[in-house]
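Right, one structure below, let's go through it.
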Amino acid sequence: MTVRAAKLFAEHFGDPTGAVVARAPGRVNLIGDHTDYNDGFVLPMIIDRHVEMVVRRRLDQQVRIVAADDRERVDNTLGEPIDYSNPSWLPYVLGVAHELAERGRISSGVDLVFRGTVPQGAGLGSSAALEVATALALDAVFNLWLNPIELAELCRDVEHRYAGVHCGIMDQLASRLGRPGHALFIDCRSLEARHLPLPFEGHRVVIIDSGIRRRLADEAYNARRAECEEAVSILRKVEPSLNALRDAYPALLMSCERRLFTDRLGRGWHVVTENQRVLEACESLARGDLPAFGRLMNASHTSLREDYEVSHPALDRLVETAGEVDGVLGARLTGAGFGGCIVSLVKEAAMPALEDRLRELSKDLSNRVIAVGTAEGAGITEVVA
Ligand code: GLA
């Protein structure tokens with residue numbers, strides 16, 4: 001536990017003896033966006049930015065939360081209604097406690113202090129890191145024995161219910177299960193997850209933040225998901241066995257072109273081709289073929305821009321600029337899009353050239369470059385004796 005968190009805990013709630021400290025990392029998605037809620041494939045990896053949370057069980061129904069970074073405090077009683085619109089972290093932290101209480105898994109409250117280093121709203125899984133850290137901490141103090149999938153599903157449900165974002169399972173599973181030095185391949189239908197070693201020696205995964213924030217809760221994300229559901233119901237008239245866009249294929253999409261209209265055709269096309277790219281990306285990792293991996297990243301960006309229409313001119317400019325630098329193998333927007341970050345795979349030796357090129361584009365851009373270092377996976381890091 002950091003000194004700051006310990007001091008704040010003592011200041012607000014007294015002696016932390018008996019508290020547990022939980023940690024959950026953010027993630028960057030290497031390839032496979034907007035496929036998770038279409039039962040498809042994704043390939044995220046955890047990053048060296050995380051949420052840390054100190055939690056101690058209470059005997060009454062109170063939940064008292066302190067956000068160390070903003071010095072905000074919210075007190076609530078389990079079961080009592082609360083306005084979740086403010087502060088921005090509230091649905092992800094208090095939502096987990098309320099959901100567990102409603103499911104009859106916990107019957108008393110907690111004192112909780114958290115802090116984090118995952119940039120918020122940047123498409124790096126900050127809300128999932130908050131949810132997963134909270135769920136892990138509550139799991140430990142109440143002896144719930146939630147398995148990783150149950151825990152990730154609970155966190156996803158919290159996001160739907162308390163934040164109104166109809167997200168898929170990728171971020172929560174990645175944060176819960178991700179391991180250093182590995183990407184996590186997830187089949188979002190079966191929830192089978194495999195850790196794939198990253199053969200990135202001599203290379204860096206580089207995230208560049210556009211600085212543009214568009215809350216995920218924005219209608220746009222939910223609208224994309226609704227369009228996919230509409231596309232499924234249209235395609236089902238021709239192919240009744242189809243359950244999700246994962247089951248579609250190019251010939252089927254083309255045969256329904258008129259009924260789908262351009263936008264839903266594009267959504268379906270992206271999902272079908274992106275799933276294929278994720279599988280090819282896994283194969284290229286296994287072969288150690290990084291140029292092929294980079295080309296798949298580039299193709300993914302084009303598809304997200306043209307067919308899924310979730311890019312932003314600032315993201316396109318960053319992808320283009322990175323692509324001009326010799327030694328950048330590939331770049332794409334990552335996460336939900338509409339703003340946030342791009343991710344790129346860069347030869348170590350090309351890092352200075354990339355930074356120079358970004359500086360030419362905009363002076364403060366170099367401050368928004370994150371070269372991903374060694375991450376640490378989620379877990380309980382300490383029990384305060
Ligand atoms: C957000 C959601 C995820 C996923 C991505 C897009 O990060 O939380 O479930 O849909 O967007 O791939």
Side-chain angles (χ1 to χ4, degrees), residues 26-38 40 42-44 47 49 85 88-89 91-92 118-130 156 159-160 163-172 174 188 206-231 245 262-271 273-274 277 297-323 331-344 361-362 364-365 368-370:
R27 65 97 190 97
V28 64
N29 192 21
L30 293 172
I31 193 160
D33 271 309
H34 292 280
T35 42
D36 60 351
Y37 54 83
N38 288 303
V42 293
L43 194 64
I47 58 173
R49 304 291 175 107
S85 57
S88 60
W89 46 263
Y92 315 117
V118 191
Q120 276 180 35
L124 298 176
S126 58
S127 50
L130 278 171
R156 178 205 50 200
E159 190 134 346
H160 288 198
V165 181
H166 298 284
C167 63
I169 192 82
M170 167 171 68
D171 302 351
Q172 293 79 6
C188 298
V206 177
I207 297 166
I208 307 163
D209 189 347
S210 69
I212 292 172
R213 295 288 178 269
R214 179 154 170 181
R215 261 182 58 72
L216 196 57
D218 267 3
E219 318 294 81
Y221 182 92
N222 291 342
R224 286 296 177 284
R225 188 167 181 159
E227 284 163 7
C228 290
E229 279 155 18
E230 283 162 26
L245 280 181
T262 322
D263 51 355
R264 283 170 301 195
L265 178 66
R267 310 303 178 243
W269 197 265
H270 166 74
V271 173
T273 57
E274 185 82 344
R277 281 187 288 271
M297 291 175 90
N298 293 335
S300 167
H301 183 77
T302 307
S303 181
L304 287 160
R305 185 187 68 215
E306 298 291 320
D307 289 334
Y308 217 75
E309 298 180 281
V310 289
S311 193
H312 182 283
L315 295 172
D316 297 338
R317 211 169 312 121
L318 285 177
V319 166
E320 209 176 292
T321 307
R332 60 186 289 278
L333 74 83
T334 185
F338 311 112
C341 295
I342 70 156
V343 60
S344 54
L361 191 70
S362 152
D364 64 326
L365 254 181
R368 300 203 230 112
V369 174
I370 305 172

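Residues: numbered from 1 along the sequence shown. No experiment lies behind these values; they were computed from the predicted model shown.
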Quick one: list whatever passes side-chain hydrogen bond (donor to acceptor under 3.5 Å, both in side chains) with Glu320, sequence neighbours left out. none

List the atom of Arg264, the atom of Glu230, and the distance in Å for their closest heavy-atom pair. NH1-OE1, 3.0 Å

Glu227 CD to Asn222 CG distance, which is reported to the nearest 0.5 Å: 11.0 Å

Is any side-chain heavy atom of Cys167 closer than 4.5 Å to one of Gln172? yes

What distance do Thr321 atom OG1 and Leu361 atom CG have between them, rounded to the nearest 0.5 Å? 4.5 Å

Carboxylate-amine/guanidinium proximity below 4.0 Å for Asp307 and Arg267: no

Arg156/Asp171 ion pair, N-O < 4.0 Å: no

Sequence-distant partners of Gln120, side chain to side chain contact (heavy atoms under 4.5 Å, CB included), two or more places apart: Ser88, Ser126

Does any non-hydrogen side-chain atom of Ile47 lie less than 4.5 Å from one of Leu124? yes

For the atom pair OH (Tyr308) and SG (Cys228), what is the distance rounded to the nearest 0.5 Å? 3.0 Å

Do you know which two heavy atoms are closest between Ala331 and Ile342, and how far apart they sit? CB-CD1, 4.3 Å

Which pair of heavy atoms, one from His34 and one from Ala336, lies closest together, and at what distance? NE2-O, 2.8 Å

Taking atom OH of Tyr92 and atom CD of Glu159, what is their separation to the nearest 0.5 Å? 5.0 Å

Quiz question: by atom type and distance under 3.5 Å, do the side chains of Arg277 and Thr273 form a donor-acceptor pair? yes

Nearest heavy-atom pair of Cys188 and Ile169: which atoms, and what distance? SG-CG2, 4.1 Å

For the residue pair Gly32 and Glu274, what are the closest heavy atoms and their distance? N-OE2, 2.9 Å

Flag the pair Arg27 / Val118 as yes when at least one side-chain heavy-atom distance between them is below 4.5 Å, and no otherwise. no

Testing Leu304, Asn298, Thr302 for side chain to side chain contact (heavy atoms under 4.5 Å, CB included) with Arg332, which one passes? Leu304

When rounded to the nearest 0.5 angstrom, what distance separates CG in Leu318 from SG in Cys341? 9.0 Å

Determine whether Val343 and Met297 satisfy the following criterion, side-chain contact (heavy atoms from CB on, under 4.5 Å), listing intermediate values before the conclusion. CA-CA 9 Å; Val343 60; Met297 291 175 90; 4.0 Å; yes

Short question: side chain of Arg305, backbone of Leu315 - any donor-acceptor pair under 3.5 Å? no

Would you mind reporting whether Val206 and Val369 have side-chain heavy atoms less than 4.5 Å apart? yes

Do Glu229 and Arg224 sit within salt-bridge range, that is, some charged N less than 4.0 Å from a carboxylate O? no

Out of the candidates Thr334, Asp33, Asp316, only one should pair with His301 under the side-chain hydrogen bond (donor to acceptor under 3.5 Å, both in side chains) rule; please name it. Asp316

Got a sec, which residues hit side chain to side chain contact (heavy atoms under 4.5 Å, CB included) with Ala314, two or more places apart in sequence or on another chain? Ser210, Ile212, His312

Gap separating the OH atom of Tyr221 from the CZ atom of Phe338, nearest 0.5 angstrom: 9.0 Å

How close do Gly340 and Asp209 get, counting heavy atoms only, and between which atoms? O-OD1, 3.6 Å

